[in-house]
Amino acid sequence: RSSDSLALYLGEEPAWFIQARFRLSLSRFHLSMAPPSSRPSPLPVANGRLVILYASQTGNAMDVAERVGREAKRGGCPDVDLLSMDSFNPSCLPGEGFVVFVVSTMGQGDPPDSMKSFWKYLLQKHLGSQWLEGLQYAVFGLGDSGYQKYNFPAKKLDQRLSDLGAKQIINKGLGDDQHPAGYEGALDPWLQPLWQSLNETNTSILPRIIDIVNPNMDILGDANVEVIYYGAPQDANISDSMGLIGRARSMSPALKFHNDGEPQYMLAFPNKESVIACWIRQGSLPRPLPSIPLVLIGPGTGCAPFRAFVEERTAQAAVEPTTPVLFFFGCRNQDSDFLYKNFWLNHAQNHGVLSAEKGGGFFVAFSRDQHQKIYVQDKIKEQSERVMNILCSNKAVIYVVGCSTKMPADVTAALEEVICQESGNSKENVSEWLKTMKKAGNFIIEAWS
Ligand SMILES: Cc1cc2nc3c(=O)[nH]c(=O)nc-3n(C[C@H](O)[C@H](O)[C@H](O)COP(=O)(O)O)c2cc1C
């Protein structure tokens, strides 16, 4: 994978958490991304022009769009325009010939912020079934099949474009965080036929298609790894970026934030002069009422929103009765990445909201502190009786937050096992029950890759 992302909790504002994205470019080819405001308005349609419009919240769709752009350039496309959807005027769409859309999914099946007004425009009733007659398009969506509304924005966009008269170049591609290779598992098999179909439709778009379909690796030169800073000084260059990411994970409370022009937030590493651009957005997790008993599962940076939950419940407990909270946290080592250690330990004693006196509990899985790996799902199984007691209480809610690769599926399986064992119900019944919980918004998974 060519990128990594990191979610950090911004202590001062409990309802927010921050995502900083580190982008590692593995190729010499990189399309520059000017701020949206400095983009020229779309050109009149020219022969061989390809527009790539992306809508991304945490950067993956932008990475995909950039790759599409790089490959089109390599194939000799004379005019590639790569734009975030919110810097493209949707009324210009009928004037375009070929557009590739790359859109991700946020919240509960919602489009990213940058797609919202574009989408609203497309939904206008007066746009008839011939409005996009001259347009040929392809859609690639990014999502996570662990969510109920899997890849909804891409699916809806594909349907709407077709309803407006546009012609599909190729069936939509759907990237899935649950795939062992992440969204790239669907991207690679989608790109080759895209280029071939595009070339069959109009040969002036990709005069050197052979360079994409059968690339000559010599022209790429040596792969080099660099961190790309948006808006940071030209000379900013960090060679040990992976080390920095690792350190940032364990030191997030020490990070400083500067409000520093475009892009809005810069993240400064302690003892480093370099800064990395990042952005802040409001988390989409529903905030639980004090009367709702909670089972929180948040390994790694997944603990970020739960810190806000615990703080909030502590404040509520001072003025009204509150219900118990169980929190399962996981990290590699007790000594290296036990995020917010003192915070959790303080709340787990002296009648804190995670303390046994309050009916709560704090359980940590240190995966690498012993020979055999231990994860949050193992801790959930160890505490099966307590988990079951909470789930049996009125209106309990389960939150699972963190890495999307295997964790949500493993945690769901552990919960199933615990409930089967404690209730004596069949696996089928329990799995149905969890699905009902999900539908009712009482079993919430927020995961990222
Ligand atoms: C807060 C959050 C909510 C998400 N909600 C959904 C969802 O409802 N359906 C879905 O298919 N994927 C969902 N995803 C998965 C993302 O669409 C997926 O990780 C994608 O690669 C993100 O792309 P981006 O970085 O371009 O925004 C969600 C991810 C996050 C972080």
Side-chain angles (χ1 to χ4, degrees), residues 1-9 15-24 33 52-69 82-86 100-116 118-119 139-158 172-187 190 230 277-287 298 300-302 304-306 308 399-409 438-439 441 443-449:
R1 299 291 299 275
S2 63
S3 61
D4 195 0
S5 64
L6 163 67
L8 304 169
Y9 174 72
W16 294 67
F17 66 96
I18 184 164
Q19 290 211 333
R21 189 160 181 83
F22 300 80
R23 309 195 56 259
L24 308 176
M33 304 288 299
I52 302 156
L53 296 181
Y54 65 87
S56 180
Q57 199 79 38
T58 62
N60 292 340
M62 187 175 79
D63 286 345
V64 171
E66 284 184 308
R67 177 164 165 203
V68 173
L82 177 68
L83 297 160
S84 172
M85 235 175 233
D86 55 1
V100 175
F101 295 88
V102 184
V103 299
S104 70
T105 320
M106 278 294 124
Q108 303 297 324
D110 304 324
D113 293 340
S114 57
M115 181 173 168
K116 286 185 176 152
F118 185 93
W119 181 235
V139 173
F140 187 83
L142 290 92
D144 181 335
S145 57
Y147 284 87
Q148 261 190 342
K149 296 186 176 172
Y150 172 54
N151 255 312
F152 263 36
K155 290 175 183 170
K156 287 188 192 165
L157 176 65
D158 182 53
K172 65 182 171 295
L174 297 179
D176 184 0
D177 287 354
Q178 298 294 326
H179 189 284
Y183 62 78
E184 279 160 2
L187 181 62
W190 183 78
Y230 287 82
C278 60
W279 60 97
I280 295 181
R281 66 181 174 80
Q282 192 158 17
S284 60
L285 285 177
R287 290 163 78 163
T301 49
F306 298 149
Y399 285 83
V400 181
V401 178
C403 174
S404 64
T405 320
K406 263 180 106 258
M407 188 275 291
K438 251 190 202 168
K439 274 202 190 120
F443 178 19
I444 299 161
I445 299 180
E446 181 158 300
W448 53 81
S449 57

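What you see is a predicted model; the values in this text were computed from it and never measured. Just so you know, ligand 1 is whichever comes first in the structure, and atom 1 is the first atom listed for that ligand.
Proximity to S104 (heavy-atom distance under 4.0 Å) selects the following atoms of ligand 1: 22 (C), 23 (O), 24 (P), 26 (O), 27 (O). Residue Q108 approaches ligand 1 through these ligand atoms, each under 4.0 Å from one of its heavy atoms: 8 (O). Using a 4.0 Å cut-off to heavy atoms of G59, the atoms of ligand 1 that qualify are 24 (P), 25 (O), 26 (O). In summary, the atoms of ligand 1 found under 4.0 Å from a heavy atom of L142, numbered by their order in the structure, are 17 (O), 20 (C), 21 (O). Numbered from 1 in the order shown, with element, the atoms of ligand 1 that lie under 4.0 Å from a heavy atom of D177 read 15 (C), 18 (C), 19 (O), 21 (O). For ligand 1, the atoms sitting less than 4.0 Å from at least one non-hydrogen atom of N151 are 10 (C), 11 (O), numbered in the order shown with element in parentheses. The atoms of ligand 1 that sit less than 4.0 Å from any heavy atom of K149 are 7 (C), 8 (O), 9 (N), 10 (C), 11 (O). Short contacts between ligand 1 and A61, defined as distances under 4.0 Å to a heavy atom of the residue, involve ligand atoms 24 (P), 26 (O).
For a threshold of 3.5 Å applied to N or O pairs, the pair formed by A55 and ligand 1 contains no separation below that value. Note: no N/O pair closer than 3.5 Å links A447 and ligand 1 by distance alone. Of the N or O atoms in M62, none lie within a sub-3.5 Å distance of an N or O in ligand 1. Between E446 and ligand 1, no pair of N/O atoms sits closer than 3.5 Å. Residue contacts with ligand 1: S56 is placed with a nitrogen or oxygen under 3.5 Å of a nitrogen or oxygen of the ligand (distance criterion only).
Side-chain contact between K438 and I445 is present, with at least one heavy-atom pair separated by less than 4.5 Å. Looking at heavy atoms from C-beta onward, V400 lies in side-chain contact with F443 at the 4.5 angstrom threshold. The closest side-chain heavy-atom distance from W119 to L157 is below 4.5 Å. The shortest distance between side-chain heavy atoms of K172 and N151 does not fall below 4.5 Å.
The backbone and the side chain of Q57 each have at least one atom closer than 4.0 Å to an atom of ligand 1 (non-hydrogen atoms only). The backbone and the side chain of T58 each have at least one atom closer than 4.0 Å to an atom of ligand 1 (non-hydrogen atoms only). No part of S145 comes within 4.0 Å of ligand 1, judged by heavy-atom distances.
Between Y147, Y150, Y54, it is Y147 that holds the heavy atom closest to atom 6 (C) of ligand 1.
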Query raised in the report: side chain to side chain contact (heavy atoms under 4.5 Å, CB included) between L174 and K155: does it pass, once the steps are laid out?
Result: CA-CA 9 Å; L174 297 179; K155 290 175 183 170; 3.7 Å; yes
Report task. Please report the C-alpha distance between T105 and Y147 in whole Å, then the side-chain angles of each, then the deciding distance to 0.1 Å, and finally whether the side chain to side chain contact (heavy atoms under 4.5 Å, CB included) criterion is met. Result -> CA-CA 10 Å; T105 320; Y147 284 87; over 6 Å; no
Query - Stepwise side chain to side chain contact (heavy atoms under 4.5 Å, CB included) check, V102 with L142 - result: CA-CA 8 Å; V102 184; L142 290 92; 3.7 Å; yes
Report task. Could you walk me through whether Y54 and V68 pass the side chain to side chain contact (heavy atoms under 4.5 Å, CB included) test, one step at a time? Result -> CA-CA 11 Å; Y54 65 87; V68 173; over 6 Å; no
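Heavy atoms of P112 stay at 4.0 angstrom or farther from ligand 1.
The aromatic rings of Y399 and F306 lie perpendicular to each other, with more than 60° between the two planes, well past the 30° mark.
A donor-acceptor contact shorter than 3.5 Å is absent between the side chain of D144 and the backbone of D177.
A distance of 9.0 Å separates CE of M115 from NZ of K156, quoted to the nearest 0.5 Å.
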